[in-house]
Amino acid sequence: MAIPIFVSGLLVLCFSIIAIASDPSPLQDFCVADANSTVLLNGLACKDPKLAQASDFSFSGLQMAGNTSNAVGSRVTPVTVTQLPGLNTLGISFARVDYAPWGINPPHTHPRASEILTVLKGCLEVGFVTSNPDNRLITKILQKGDVFVFPIGLIHFQRNVRPGSAIALAALSSQNPGVITIANAVFGSKPDISSDILAKAFQTDEAIVKDIQSKF
Ligand SMILES: *[C@@H]1O[C@H](CO)[C@@H](O)[C@H](O)[C@H]1NC(C)=O
Ligand SMILES: *[C@@H]1O[C@H](CO)[C@@H](O)[C@H](O)[C@H]1NC(C)=O
């Protein structure tokens, strides 16, 4: 019986890996988020499945360009469980990203999701940085139709490298991927992280830190 035990062990291992790769698997057909529930749990409480409507499983408007008139020249339009309650417990979400000419989607990380992105229009420089101690930058220029993946948790970015606007679509392996924009989190926390801490961390002086903090 050694072989069946080995095979079942392998299956258990495979399912364990699948189970930790994204949000927990659902235990029912669906669990449309009940935005009014006061129950606190991992995810959102389900509304009565008999009351579920097609509108709970749909979102409209992704054909519309996001407003990129801002300091970084990009706009993310998310379609997570917040915008589409039917995503609750399904472990996936979606986003449209618009870029002004030379605009960037600044370095950020999704604490709960890997991201797979494709370029619909234009040309993007994309990259992510591996964790310590290597901190290797993995980067590529993407043309229309190219696909790139940003592994869960790693800091990544995109930049439009053409004079025209650019559009990307991204899918993420969580209903609620979360986003930490590095510059905003480090220099724009409320209240501020002490400037002497950041001066030491960034190996610079406090005046420079305070100047950056003033911009967030
Ligand atoms: C939440 O409550 C509001 C106001 O009572 C109601 O309009 C809405 O349909 C409710 N949403 C859900 C998902 O039950
Ligand atoms: C885009 O955002 C800018 C800055 O917030 C604003 O002034 C402008 O009116 C917005 N444009 C549109 C079309 O909403």
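Please read these numbers as outputs of a predicted model, since none were measured by experiment. First listed ligand is number 1; within each ligand, the first listed atom is number 1. As a basis for the values below, the full set of heavy atoms in this structure was taken, side chains included, without hydrogen atoms, waters or symmetry mates.
For Phe57 and Phe30, the distance between ring centers is under 6.0 angstrom.
In this structure, CG in Leu154 is found 12.0 Å from CZ in Arg136, a value given to the nearest 0.5 Å.
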I'd like to know whether Asp196 forms a salt bridge (charged side-chain N to carboxylate O under 4.0 Å, His left out) with Lys200, so could you lay out the CA-CA distance, the side-chain angles of the two residues, the decisive distance to 0.1 Å, and finally the verdict. CA-CA 6 Å; Asp196 58 321; Lys200 204 169 269 185; over 6 Å; no

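Sorted by chain and number, the residues within 4.0 Å of ligand 2 by heavy atom are Asn67, Ser69.
In this structure, Phe128 and Phe150 have perpendicular ring planes: the angle between them is above 60°, well past the 30° mark.
Scanning both residues, Ala65 and Arg96, for their nearest heavy atoms gives CA-NH2, 3.3 Å.
In this structure, the side chains of Ser93 and Asn176 stay at 4.5 Å or more apart for every pair of heavy atoms.
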